[in-house]
Protein chains: 2
Amino acid sequence: MRESTGGTRERIKAVALELFTEQGYEKTSLREIAERLNVTKAALYYHFKSKDDIVASFVEDRLEQMDALTAWADSQPATLATRRALISRYADTMFGGDMPSVMRFFEQNQTVLKSLSSGQQMRGRMMRLASALCRGDDSPAAQLRATLSLFAVHTSWFAVRAPGISDGERRRLALEVADELLAAIGAEPDEDSASTSTAGARG
Amino acid sequence: MRESTGGTRERIKAVALELFTEQGYEKTSLREIAERLNVTKAALYYHFKSKDDIVASFVEDRLEQMDALTAWADSQPATLATRRALISRYADTMFGGDMPSVMRFFEQNQTVLKSLSSGQQMRGRMMRLASALCRGDDSPAAQLRATLSLFAVHTSWFAVRAPGISDGERRRLALEVADELLAAIGAEPDEDSASTSTAGARG
DNA sequence: ACCTGAACACCGTTCAAGT
DNA sequence: ACCTGAACACCGTTCAAGT
């Protein structure tokens with residue numbers, strides 16, 4: 001095992017991901033990261049171009065994962081079953097053993113990520129995923145439902161307060177609610193919707 | 001009209017709210033705010049104890065509004081009608097003419113707000129609102145649905161991309177989807193869950 | 001190739017001093 | 001009461017210099 005060669009770069013990534021997720025990107029200083037690794041601040045700049053670049057480094061893998069997911073969805077028929085399979089796979093990447101922390105980092109740091117290029121890329125992929133989820137129904141309501149079904153997955157691990165709830169149960173819960181939202185996509189337009197009056201322009 | 005006396009403090013609040021919402025709290029420097037008002041950075045510290053304190057100043061009104069909302073909900077019967085009325089009133093404070101920007105600021109700055117005391121207060125109120133929304137059904141699924149219905153209101157003004165969609169239409173859209181989520185709260189536990197059709201429990 | 005030391009401009013904050 | 005000027009420690013970033 002060679003841990004002296006390429007080790008430092010990976011150690012920086014690991015420590016940064018941990019601290020960024022715990023305390024937030026802005027609140028975590030490079031000095032803090034450097035101290036944990038017993039190097040100087042300047043040393044970080046040998047391995048990364050900037051603070052943003054550290055984020056970009058552990059974002060790229062995730063982007064490919066998202067792309068694969070969207071590509072798969074586009075190759076499937078635009079049915080409810082596909083939508084459900086898609087959200088289930090998405091939940092896998094969120095709760096799965098691989099890299100749960102990367103996605104949690106995103107949930108935690110949405111704001112800052114808007115100005116970071118890697119963050120914008122990630123946002124773009126989320127939009128595409130949402131689009132894939134409401135393929136065949138481009139109504140505003142469908143967009144909102146699709147987006148919320150993704151949010152259900154994200155939300156389930158912080159909005160649900162229960163004594164000893166497991167990750168598996170959170171996942172199941174998220175999918176239960178997400179499925180309901182997805183089931184309402186592509187259905188025939190509402191005849192007796194909540195408020196008869198405000199018709200709403202079609203097309 | 002006296003604009004020389006108490007004017008400065010209000011002007012600081014206004015400019016700060018605008019810049020914080022546009023660019024984010026961390027990315028906006030006090031120098032930037034001061035320059036817009038033709039004063040020095042130090043002048044801001046006469047009116048506010050710290051940068052955080054500026055946020056706290058325009059948060060307090062909102063807290064009272066949230067408290068009033070929760071209190072009203074608690075005084076009503078725990079029915080679907082109450083839940084729908086509550087989310088509708090919440091949407092009013094989000095889309096209403098009063099102070100739409102304060103809530104948008106929150107949506108934009110969630111991350112930073114976690115470490116700010118005023119942000120934690122706000123989070124607390126959101127939790128209480130969610131609890132009020134699922135009163136009578138304390139199951140994890142109900143919590144998730146309640147939280148997502150609030151998110152529907154927040155999400156409707158950035159997740160829905162449509163040519164010339166108005167604020168009113170976004171509001172109506174949000175409530176349409178939120179109502180569906182709320183209708184599933186307090187219903188008898190699922191016997192034949194997710195599958196069948198889009199049936200949906202009628203409260 | 002890998003890292004240090006010292007400097008840079010900027011940040012939020014403080015405080016004595018001015019009117 | 002209201003604001004300035006100058007200083008403080010900290011931040012991200014750069015770069016010549018060391019091995």
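Chain A is the first sequence line, chain B the second, and so forth, proteins listed ahead of strands; every chain is numbered from 1. Below, all heavy atoms of this structure are taken into account, side chains as well, without hydrogens, waters or symmetry copies.
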(message) Less than 4.0 angstrom from a charged side-chain N to a carboxylate O is my criterion; do B:Arg83 and B:Asp179 meet it?
(response) no

(message) Hydrogens and angles aside, do A:Ser50 and A:Asp52 bring a side-chain donor and acceptor to less than 3.5 Å of each other?
(response) no

(message) Taking only side-chain N and O atoms of A:Tyr46, does any of them lie within less than 4.0 angstrom of OP1 or OP2 on C:dC3?
(response) no

(request) Hey, could you give me the CD/CD1 distance between A:Gln143 and A:Ile185, rounded to the nearest 0.5 Å? (result) 10.0 Å

(request) For the side chain of A:Ala42, starting at C-beta, report the closest nucleotide among D:dC2, D:dC15, D:dT13. (result) D:dC15

(request) Searching all strands shown, indicate the nucleotide that pairs with C:dT13 (Watson-Crick or G-U wobble; both distances under 3.5 Å). (result) D:dA7

(request) Using only side-chain N and O atoms of A:His47, determine if any of them is under 4.0 Å from OP1 or OP2 of C:dC3. (result) yes

(request) Ignoring backbone atoms, test whether A:Thr8 places a side-chain nitrogen or oxygen under 4.0 Å from the OP1 or OP2 oxygen of C:dC3. (result) yes

(request) Take the protein atom CG of B:Asp52 and the nucleotide atom P of C:dT13, then report the distance between them rounded to whole Å. (result) 7 Å

(message) Below the 4.0 Å mark, does D:dC10 have OP1 or OP2 next to a side-chain nitrogen or oxygen of A:Arg31?
(response) no

(request) Would you jot down, in residue-number order, the residues of residues 32-40 of chain A having a non-hydrogen atom under 4.0 Å from DNA chain C? (result) A:Val39, A:Thr40

(request) Give the rounded distance in Å between these two atoms: CD of B:Gln23 and P of C:dC11. (result) 11 Å

(message) If we count only N and O atoms by modelled type, under 3.5 Å, do the side chains of B:Arg135 and B:Thr82 hold a donor and an acceptor together?
(response) no

(message) If you only use heavy atoms from C-beta on, which nucleotide in C:dC11, D:dT13, D:dT4 is closest to the side chain of B:Ala43?
(response) D:dT4

(message) Could you tell me how far apart B:Tyr25 (OH) and C:dC11 (P) are, to the nearest whole angstrom?
(response) 14 Å

(request) Output yes when at least one side-chain N/O atom of A:Tyr45 is less than 4.0 Å from OP1 or OP2 of D:dT14, else no. (result) no

(request) With sequence neighbours excluded, give me every side-chain hydrogen bond (donor to acceptor under 3.5 Å, both in side chains) pair touching residues 120-132 of chain B. (result) B:Asp67-B:Arg125

(request) Starting from the 5' end of DNA chain D, give me the residue, B:Lys41 or A:Glu26, whose nearest nucleotide shows up first. (result) B:Lys41

(request) Look at the aromatic rings of A:Phe151 and B:Phe158 and report parallel, tilted or perpendicular, splitting at 30° and 60°. (result) tilted

